[in-house]
**Student:** 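Dropping the structure in here first, questions after.
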Amino acid sequence: MTKDPRFCRLIMAQLMLTGNSIFAKDSADEPTHSDAQVELGRFLFFDKILSGNQNISCASCHHPLVGTGDGLSLSIGEGGRGLGMTRDTGSGDDAVVERVPRNSPALFNLGKPEFERLFHDGRVAVNPEHPSGFDSAAGMLLPNGLENVLAAQAMFPVTSPGEMAGQIHEGVAENDIAAAANAVPADIVSVWALLAERLKAIQEYIDLFQSAYPNNNIGNDGTGITFVLAANAIAAYEAHSWRADNSPFDRYLHGDDDAMSDSAKKGMALFFTTGACVRCHSGLYQTDHDFHAIAMPQIGPGKGDNSLGYQDGREDFGREQVTQDPADRFKFRTPSLRNVELTAPYVHAGAYATLDGIVRHYLDPVDALNSYDAEQLMLPSHPDLDALDLVVMSDPNRCAAIADATDVRRTLLLDRQIGDVVEFLRALTDPNSVNLGVDIPSHVLSGLPVFE
Ligand code: HEC
Ligand code: HEC
């Protein structure tokens, strides 16, 4: 299939409508960071010092070797050991009490200015009207000085008992950070202060904060180190390291007719026309940054939501949790599809293991929901965790509620066209993202182990 100039113009027009220009590479308005800031962020991202029990880092769930996710349908938080399907669920007092209720998303391109809403439900988002500049669950407690939405996001995993802060066992917190995080209401301001104290106690961190933030009066004893600066550095590292905008699709748009295979070009045409994927996956990064209900299977412990009179909290209402608007029930953010080949399992609860599976979902979303095959779940097994995995999926009434809310019914896509659409999705892979192993530091500044 040769390049059809009309088709290329169609894509260009579509990109322009969404405010994207492929030629003015948007690096101009991308934030710039010093090498010291990126280096500091890299150490912090891999350092378990940021978790209450010093047993989990950001990288445990966003690992360069698993496409900056964790390779699991649902993450295993603090207490777990190892990576991907070899990650275990802890033992003894450290045993994991619940799976994290959502899939760990990949972190590609999140430094691009158009990414203003983070998390599957968009609960951390740019809001110039808010004193801190961001909406979040912390409300007025979110401090000033956060440079961008990625930095605002980095304030939160450390405050979550299940993810990084640590749990209470028999009424006793194992560490002061867990005690603050589990207080009612949670004392997240103390969590941030306690973490800053930990960093101030490590000379190598003091030195690196001084070179990264020379204008912030970091004293020789570390005064001036705050968790806000740590979050800014983590964001600098994420934005710098995980750009992914040099895929065959990009090269094709820039005029290289041979960058994509014929099958990928056919798939692209289907994506933009018959499949109507572009209705939601629009723009240069294949996302409208909006929220839609697409009849996705609900797996795992849930986000505490209840409908139909149930009181077990096993459901996840998605965007409704943020807006409190029932019209947003079961809506989740449209993910960017950059590097999607590298980031299985897919969607908010990791229901789909393969690209073929998720694209097939769109042939008839409600039918796919009802005939969902849970064999594909990537969940390290543990009897009490397993018991909650399929509570919603094994209840026809709860599934019917998810089906009723869906925005997409049948697509005109045919079974035999799926392979081409998948080829197009593969053409969104930036070859520089295929082996991110170089990102992994051999040591971190606390001296804690990087590898378990
Ligand atoms: C226990 C696993 C776990 C740990 C540890 C963890 N994350 Fe995550 N991360 C997740 C999950 C799960 C989500 C999605 C949560 C949701 O949407 O409700 C997420 C979401 C994110 C997002 C939003 C991505 C997007 O596209 O919206 C960013 C950025 C991120 N994490 C960065 C970090 C950083 C930085 C740290 C360390 C300070 C960290 N994470 C620690 C599991 C984890
Ligand atoms: C009505 C809006 C809408 C349409 C149309 C749509 N999608 Fe999606 N897509 C979404 C949403 C929302 C999600 C995330 C759902 C969730 O997290 O539960 C998603 C998820 C995905 C994912 C998983 C990405 C990841 O990282 O988890 C892929 C792949 C995908 N869509 C491809 C397609 C293709 C191919 C088409 C066309 C056949 C399409 N989508 C049509 C809204 C849409």
Side-chain angles (χ1 to χ4, degrees), residues 41 44-45 47 50-51 56-62 67-70 72 74-78 80 96 99-110 115 117-124 149-160 162-164 230-231 234-235 237-238 267 270-271 274-282 286-288 290-298 303 316 318-319 321 330-341 343-352 355 357-363 365 406-408 411-413 417-418 421-422 424-425 428:
L44 292 168
F45 195 87
D47 202 331
L50 296 189
S51 62
I56 188 166
S57 70
C58 307
S60 305
C61 302
H62 300 285
T68 69
D70 59 9
L72 297 175
L74 300 170
S75 295
I76 302 281
E78 78 93 33
V96 172
R99 299 189 198 284
V100 173
R102 290 191 182 151
N103 173 263
S104 170
L107 306 184
F108 295 108
N109 294 318
L110 298 181
F115 288 82
R117 295 156 153 192
L118 296 182
F119 287 124
H120 293 291
D121 51 16
R123 67 185 179 276
V124 170
V149 72
L150 265 180
Q153 188 284 334
M155 300 297 281
F156 291 96
V158 295
T159 65
S160 158
E163 287 191 15
M164 292 179 80
I234 289 173
Y237 164 67
E238 294 169 312
L270 294 164
F271 189 92
T274 323
C277 314
V278 73
R279 196 184 124 202
C280 306
H281 295 283
S282 55
Q286 295 79 45
T287 170
D288 55 3
D290 212 340
F291 304 86
H292 305 275
I294 57 167
M296 274 302 160
Q298 177 55 39
K303 277 291 271 184
D316 185 344
R319 184 64 178 164
Q321 281 219 340
F330 303 124
K331 290 188 180 174
F332 293 89
R333 191 193 52 180
T334 312
S336 164
L337 300 180
R338 293 314 187 108
N339 282 346
V340 72
E341 178 185 14
T343 65
Y346 303 110
V347 299
H348 76 276
Y352 283 106
L355 284 178
I358 169 103
V359 177
R360 211 163 272 284
H361 176 89
Y362 288 104
L363 293 178
T406 187
D407 291 341
V408 262
T411 343
L412 296 174
L413 217 55
Q417 296 170 323
I418 296 217
V421 175
V422 168
F424 170 59
L425 296 177
L428 298 170

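In listed order, ligands and their atoms are each counted from 1.
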**Student:** Does Tyr352 reach the side chain of Arg360, with side-chain heavy atoms less than 4.5 Å apart?
**Tutor:** no
**Student:** Considering only heavy atoms from C-beta outward, does the side chain of Gln321 approach that of Arg123 to under 4.5 Å?
**Tutor:** no
**Student:** Counting from 1, what ligand 2 atoms have a heavy atom of Val408 closer than 4.0 Å?
**Tutor:** 1 (C), 5 (C)
**Student:** Of all the atoms in ligand 2, which lie at a distance below 4.0 Å from a heavy atom belonging to Val421?
**Tutor:** 35 (C)
**Student:** For atom 29 (C) of ligand 2, tell me which residue out of Leu337, Thr406, Asp290, Asp407 has the closest non-hydrogen atom.
**Tutor:** Leu337
**Student:** Tell me the protein heavy atom at minimum distance from atom 17 (O) of ligand 2, and give that distance in Å.
**Tutor:** His348 N, 2.8 Å
**Student:** For the residue pair Met296 and Ile358, establish whether any side-chain heavy-atom pair is separated by less than 4.5 Å.
**Tutor:** yes
**Student:** Is there a side-chain contact between Val422 and Glu341 (heavy atoms, below 4.5 Å)?
**Tutor:** no
**Student:** Going by the order shown, which atoms of ligand 2 are within less than 4.0 Å of some heavy atom of Gly275?
**Tutor:** 37 (C), 38 (C)
**Student:** Distance under 4.0 Å to a non-hydrogen atom of Leu107: what atoms of ligand 1 satisfy this?
**Tutor:** 22 (C), 24 (C), 28 (C), 29 (C), 30 (C)
**Student:** Can you report which non-hydrogen protein atom sits closest to atom 4 (C) of ligand 2, along with the distance?
**Tutor:** Cys280 SG, 3.4 Å
**Student:** Show the atoms of ligand 1 that are less than 4.0 angstrom away from any heavy atom in Arg123.
**Tutor:** 16 (C), 17 (O), 18 (O)
**Student:** Please check if the side chain of Thr406 supplies one atom and the backbone of Ala293 the other of a donor-acceptor pair under 3.5 Å.
**Tutor:** yes
**Student:** Under 4.0 Å, heavy-atom basis, I'd like to know which part of Ala349 is in contact with ligand 2: side chain, backbone, both or neither.
**Tutor:** neither
**Student:** Quick one, Leu110 and Leu150 - any side-chain contact, counting heavy atoms below 4.5 Å?
**Tutor:** yes
**Student:** Tell me: protein heavy atom nearest atom 11 (C) of ligand 2, and distance?
**Tutor:** Ile294 CD1, 3.5 Å
**Student:** Within the side chain of Thr343, is there an N or O that forms a donor-acceptor pair under 3.5 Å with the backbone of Val340?
**Tutor:** yes
**Student:** Among Ala231, Cys58, Gly69, which one puts a heavy atom closest to atom 36 (C) of ligand 1?
**Tutor:** Cys58
**Student:** Quick one: nearest non-hydrogen protein atom to atom 14 (C) of ligand 2, plus distance?
**Tutor:** Pro335 CD, 3.5 Å
**Student:** When you measure from atom 8 (Fe) of ligand 2 to the N, O or S atoms of His281, does any of those distances fall below 2.8 Å?
**Tutor:** yes
**Student:** Identify the closest protein heavy atom to atom 39 (C) of ligand 2: which residue and atom is it, and at what distance?
**Tutor:** Tyr362 CZ, 3.2 Å
**Student:** Aromatic contact between Phe332 and His120, with the criterion being ring centroids under 6.0 Å apart: yes or no?
**Tutor:** no
**Student:** Between Lys303 and ligand 1, does any nitrogen or oxygen pair lie at a separation below 3.5 Å?
**Tutor:** no
**Student:** Please tell me if the side chains of Phe45 and His62 come closer than 4.5 Å, counting only heavy atoms from C-beta onward.
**Tutor:** yes
**Student:** Backbone or side chain, does any N or O of Asn103 fall under 3.5 Å from an N or O of ligand 1?
**Tutor:** no
**Student:** Could you check atom 37 (C) of ligand 2 against the protein and tell me its nearest heavy-atom contact, residue, atom and distance included?
**Tutor:** Cys277 SG, 1.9 Å
**Student:** Below 30° counts as parallel, above 60° as perpendicular, anything between as tilted: where do the rings of His281 and Phe271 land?
**Tutor:** tilted
**Student:** Look at atom 27 (O) of ligand 2 and say which protein heavy atom is nearest, naming residue and atom and giving the distance to 0.1 Å.
**Tutor:** Val347 N, 2.8 Å
**Student:** Are the side chain of Ser51 and the backbone N or O of Ile56 linked by a donor-acceptor pair below 3.5 Å?
**Tutor:** yes
**Student:** Are any of the heavy atoms in Arg333 under 4.0 Å away from ligand 1?
**Tutor:** yes
**Student:** Heavy atom of Glu238 under 4.0 Å from ligand 1?
**Tutor:** yes
**Student:** Within a distance under 4.0 Å of any heavy atom of Ser57, pick out the atoms of ligand 1 and give their elements.
**Tutor:** 5 (C)
**Student:** Examine all N, O or S atoms of His62, backbone included, and report whether one is under 2.8 Å from atom 8 (Fe) of ligand 1.
**Tutor:** yes
**Student:** Run the salt bridge (Lys or Arg N to Asp or Glu O under 4.0 Å) test on Arg279 and Asp288 for me, step by step, so that the C-alpha distance in whole Å, both residues' side-chain angles and the decisive distance to 0.1 Å come before the verdict.
**Tutor:** CA-CA 8 Å; Arg279 196 184 124 202; Asp288 55 3; over 6 Å; no
**Student:** Could an N or O of ligand 1 be found under 3.5 Å from any N or O of Gly77, whether backbone or side chain?
**Tutor:** no
**Student:** If you count the atoms of ligand 1 from 1 in the order shown, which ones are under 4.0 Å from a heavy atom of Ile234?
**Tutor:** 35 (C)
**Student:** Any nitrogen or oxygen of Arg102, main chain or side chain, under 3.5 Å from a nitrogen or oxygen of ligand 1?
**Tutor:** yes
**Student:** Between Asp121 and Arg333, is there a side-chain heavy-atom distance shorter than 4.5 Å?
**Tutor:** no
**Student:** Between ligand 1 and His120, is the shortest N or O to N or O distance under 3.5 Å?
**Tutor:** yes
**Student:** Taking Ser75 for the side chain and Cys61 for the main chain, is one N or O donor matched with an acceptor at less than 3.5 Å?
**Tutor:** no
**Student:** Are any of the side-chain heavy atoms of Leu363 and Ile418 separated by less than 4.5 Å?
**Tutor:** yes
**Student:** Starting from atom 41 (C) of ligand 1, what is the nearest protein heavy atom, named by residue and atom, and what distance separates them?
**Tutor:** Pro157 CB, 3.5 Å
**Student:** Between Ile358 and ligand 2, which part of the residue brings a heavy atom under 4.0 Å of the ligand: side chain, backbone, both or neither?
**Tutor:** side chain
**Student:** Side chain to side chain donor-acceptor pair (under 3.5 Å) between Arg338 and Gln286: does it pass, once the steps are laid out?
**Tutor:** CA-CA 7 Å; Arg338 293 314 187 108; Gln286 295 79 45; 3.3 Å; yes
**Student:** At a 4.0 Å threshold, what atoms of ligand 1 neighbour a non-hydrogen atom of Leu150?
**Tutor:** 29 (C)
**Student:** Measure from the side-chain N and O atoms of Asp316 to the backbone N and O of Lys303, and report whether any donor-acceptor pair falls under 3.5 Å.
**Tutor:** no
**Student:** For atom 12 (C) of ligand 2, find the nearest protein heavy atom and state the residue, atom name and distance (0.1 Å precision).
**Tutor:** Phe332 O, 3.2 Å
**Student:** With a 4.0 Å heavy-atom cut-off (strictly under), which part of Met296 contacts ligand 2: side chain, backbone, both or neither?
**Tutor:** side chain
**Student:** Identify the residue among Leu355, Leu413, Thr274 that makes a side chain to side chain contact (heavy atoms under 4.5 Å, CB included) with Val421.
**Tutor:** Leu413
**Student:** Can you tell me if Pro105 has a non-hydrogen atom under 4.0 Å from ligand 1?
**Tutor:** yes
